[in-house]
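Inspection log for the structure reproduced underneath, given as structure tokens.
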Amino acid sequence: RILKRQMECRRDIDRLNASFIEIYESLVLPQEEKAKQKQLLAVLEKLVNREWPQAKLYLYGSCANSFGVLKSDIDVCLAIEDANINKSEVLLKLADILQSDNLQNVQALPRARVPIVKLMDPVTGISCDICINNVLAVVNTKLLWDYAQIDVRLRQLAFIVKHWAKSRGVNETYQGTLSSYAYVLMCIHFLQQRRPAILPCLQEMEPTYSVTVDDIKCAYFDRVEKLQGFGSRNREPIAQLVWAFFNYWAYRHDYVNAVVSVRTGSIISKQEKDWTRRVGNDRHLICIEDPFETSHDLGRVVDKHTIKVLREEFERAADILQYDPNPCVTLFEPY
Ligand code: CTP
Ligand code: MG
């Protein structure tokens, strides 16, 4: 009877796995969407270079870190070397230039936390946010992209977690929940912590890539093609990883003392970072260290109400994966 039960269990896991892979594949951005994004970038580059011949445009965020799901907007960074520029002036000028072309809904938001120009391209149908000189975001985008090349399970897990977070309304930084960027870092860290590890810690390895941005040295091993097969000693299928991820954040994470750190590939203490109390609006109720801006806690947007919401959602997800006969449907039910 035990053998029969084990075989049933095996079949359940196989079935769940197939469902998760199907969901992942339905979310992946098709090639032709990527071509459209490149096309829009080329148009923008031409316009920008008329005014600032030395300036460069970079894609960052989910359109460039390989964690982009269908229907995401694209994030663009305008990099101007000149240190003396006035960001808001450039922003308004940029909006002006774009307005006079065929682009729609051009809108400058100079007072936002990250000042941007928003626009929509009627040719490709793509919406886009352009920021200025946010080079750290371009560098952390590359770090995420490099991690994604090492083991496909990172993208699978992150797509499912992002999809869950969007469905459940816990992916809204302005409402006190976490950014997509924070969720991807949580996934990377989680896979660094599996035994055997599924991902290495690139920032602890001999650097092959190094840039200094805003006085922050960003260095890590980026020859990721050499790390193919790194995680192959760990054979955990995606269904098990999704279950373990939610179980960790529901029941095992030490919210009182622990900081999740992709930079070190380990858990470090709040004490060590001096993140033990509220400073201004930063409460540090769930701590996720930015891999380069190490003074930056991506959990700082979470307040005492939303930490409760977030933890209840983690518990809900963990319980569904444990007990629900049809977890792939229930998990993503709109809240
Ligand atoms: N970013 C950052 N610091 C933050 C939030 C975001 O540096 N606190 C940068 C990162 O480079 C990130 C990008 O801004 O990749 C976009 O952030 P976000 O919208 O959270 O992630 P996306 O990957 O674009 O996800 P989505 O598909 O939800 O748009
Ligand atoms: Mg984005």
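Indexing begins at 1, ligand by ligand and atom by atom, following the structure's order.
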Nearest-0.5 Å distance that lies between atom CD in Gln240 and atom CG in Asn234: 8.0 Å

Aromatic Phe67 / basic Lys162 pairing, under 6.0 angstrom, 45° off normal: no

- prompt: Among Phe314, Phe159, Phe245, Phe332, whose ring-ring contact (aromatic ring centres under 6.0 Å, His included) with Trp164 holds?
  reply: Phe314

- line: Short version for Tyr60: what comes under 4.0 Å of ligand 1, heavy atoms counted, is side chain

- prompt: Looking at Tyr255, is Arg311 sitting on its ring face, NZ or CZ under 6.0 Å from the six-membered ring centre and within 45 degrees of the normal?
  reply: yes

query: Counting only heavy atoms, which portion of Asp75 has something under 4.0 Å from ligand 1: side chain, backbone, both, or neither?
result: side chain

query: Within less than 4.0 angstrom of ligand 1, does Glu293 place any heavy atom?
result: no

task: Please work out which of Leu143, Asn140, Asn65 has its closest non-hydrogen atom nearest to atom 11 (O) of ligand 1.
output: Asn140

field: Lys NZ or Arg CZ of Lys142 over Trp145 ring: under 6.0 Å, within 45°
entry: no

- request: Give a yes/no verdict on whether any heavy atom in Val69 is under 4.0 Å from an atom of ligand 1.
  value: no

message: What I want to find out is whether Asp282 reaches Arg278 closely enough, with some N-O distance under 4.0 Å, to be called a salt bridge.
response: no

- prompt: Is the closest N or O pair between Lys162 and ligand 1 shorter than 3.5 Å?
  reply: yes

- prompt: Which one of Cys77, Gly61, Ala165, Cys131 has a non-hydrogen atom at the shortest distance from atom 15 (O) of ligand 1?
  reply: Gly61

- prompt: Relative to the Mg ion (ligand 2), which of the N, O or S atoms in Asp75 is the closest?
  reply: OD2

query: Can you find an N/O atom of Ser62 closer than 3.5 Å to an N/O atom of ligand 1?
result: yes

- prompt: Going by the atom numbers of ligand 1, which of them fall below 4.0 Å from some non-hydrogen atom of Thr141?
  reply: 11 (O), 15 (O)

task: Identify, by atom number and element, the atoms of ligand 1 in contact range of Lys166, meaning under 4.0 Å from any of its heavy atoms.
output: 26 (P), 28 (O)

- prompt: Can an N or O of Leu144 be found at a distance shorter than 3.5 Å from an N or O of ligand 1?
  reply: no

- prompt: Counting only heavy atoms, which portion of Leu298 has something under 4.0 Å from ligand 1: side chain, backbone, both, or neither?
  reply: side chain

Heavy-atom closest pair, residues Cys128 and Val76: SG-CG2, 3.7 Å

- prompt: What is the distance from atom OH of Tyr58 to atom SG of Cys77, rounded to the nearest 0.5 Å?
  reply: 8.0 Å

- prompt: Quick one: does His189's side chain get under 4.5 Å of Ile267's, heavy atoms only?
  reply: yes

- line: Out of Tyr183, Tyr181, Phe292, the nearest non-hydrogen contact to atom 6 (C) of ligand 1 is supplied by Tyr181

